[in-house]
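Whatever order the structure lists ligands and atoms in, that order sets their numbers, starting from 1. Side-chain atoms are counted along with the backbone in the values below, which use heavy atoms only and exclude waters and symmetry mates.
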Amino acid sequence: MLNFVFLGPPGSGKGTQSAKLIEDFGFIHLSTGDIFRAELKSGSALGLEAKGYLDSGLLVPDDVVIRMIEQKLDASPANAGFIFDGFPRTQVQAEALDNLLELKGMPLQFVVLLEVPDSILRERLTERAKTSGRSDDANPEIIEKRIRVYQNETFPLIDFYGNQGKLNRVAGVGHIDEIYARIRLSLHI
Ligand code: ADP
């Protein structure tokens, strides 16, 4: 079993690369953004609670996200491993994930940090807005907010995981398949 976190700013390619890894290796993908959007679509209480945060590019409160991940982990069958995508995004979330996985006896092995310059992120998100139907991609101010939130809240996780010796930096620019090959190398698969 291989459990790892995909860390990286919005638009860095975590979802794209996760899809390839799932196809090739059968990991379970826990993408908090995808889960919130699905909850919103189904009109659940959790979706309604998250809506305002998603629309404005702010983080959903830690306790809500952590509870949700805990439920998903409990509900998942035995599998090849978990890809955590979009979670953790804060130090509190990272500590909670360590505790949850320790209790389950399946610690995190790696953190893959996809590094992409801000100028390319802006281009990719603006391009994605044409097909994603995501209001948070369509508005340049919300894109800026999300990049800032990443810098302020999520950047500290680079040191957090660096200190644990788990961080692998991967250049997230180039062809999708090239980036994929770098990621596989960093995961030893
Ligand atoms: P991005 O493309 O910006 O990486 P995601 O699809 O991962 O976006 O997340 C979209 C939105 O969902 C975020 O802007 C935030 O409002 C909410 N969200 C997702 N993951 C988390 C998390 N771990 N903590 C708090 N909020 C989250």
Exercise. Under the 3.5 angstrom rule, does the side chain of T32 hit a backbone N or O of G86 as a donor-acceptor pair?
Worked result: yes

Problem set entry | For L58, the ligand 1 atoms whose distance to one of its heavy atoms is below 4.0 Å | 15 (C), 16 (O)

For this session: Enumerate the atoms of ligand 1 whose separation from the nearest heavy atom of Y53 is less than 4.0 angstrom.
Result: 16 (O)

Exercise. Can K166 be said to sit on top of F110's aromatic six-ring, NZ or CZ under 6.0 Å from centre and within 45° of the ring axis?
Worked result: no

Exercise. Between L59 and ligand 1, which part of the residue brings a heavy atom under 4.0 Å of the ligand: side chain, backbone, both or neither?
Worked result: both

For this session: Using a strict 4.0 Å threshold on nitrogen-to-oxygen distance, state whether D137 and K130 make a salt bridge.
Result: no

For this session: Could you say whether the N/O atoms of L125 and ligand 1 ever approach to under 3.5 Å?
Result: no

For this session: Check whether more than 12 heavy atoms from other residues, nucleotides or ligands sit under 6.0 Å from atom CD1 of I189, and answer yes or no.
Result: yes

Problem set entry | Electrostatic pair K145:E141 at N-O distance under 4.0 angstrom | no

Seminar exercise, completed: atom 11 (C) of ligand 1 has as its nearest protein heavy atom L54 CG, 3.8 Å

Exercise. From L54 CG over to S135 OG, what is the distance, rounded to the nearest 0.5 angstrom?
Worked result: 8.0 Å

For this session: State plainly whether the residues D62 and R89 are in salt-bridge range, i.e. N to O under 4.0 Å.
Result: no

Problem set entry | G86, any N or O under 3.5 Å of ligand 1 N or O | yes

Seminar exercise, completed: the protein heavy atom lying closest to atom 26 (N) of ligand 1 turns out to be V60 N, 2.9 Å

For this session: Output the list of atoms in ligand 1 that are nearer than 4.0 Å to some heavy atom of R128, sorted by atom number.
Result: 2 (O)

Problem set entry | Nearest candidate to atom 4 (O) of ligand 1, where distance is taken over non-hydrogen atoms, out of K51, R146, E153, R89 | R89

Problem set entry | From the candidates L97, T32, I147, T154, the one that places a heavy atom nearest atom 20 (N) of ligand 1 | T32

Exercise. Going by heavy atoms, is M68 under 4.0 Å from ligand 1?
Worked result: no

Problem set entry | From the candidates R124, Q93, K14, R134, the one that places a heavy atom nearest atom 8 (O) of ligand 1 | R134

Problem set entry | Validation row, ring centre Y53 to ring centre F36 under 6.0 Å | no

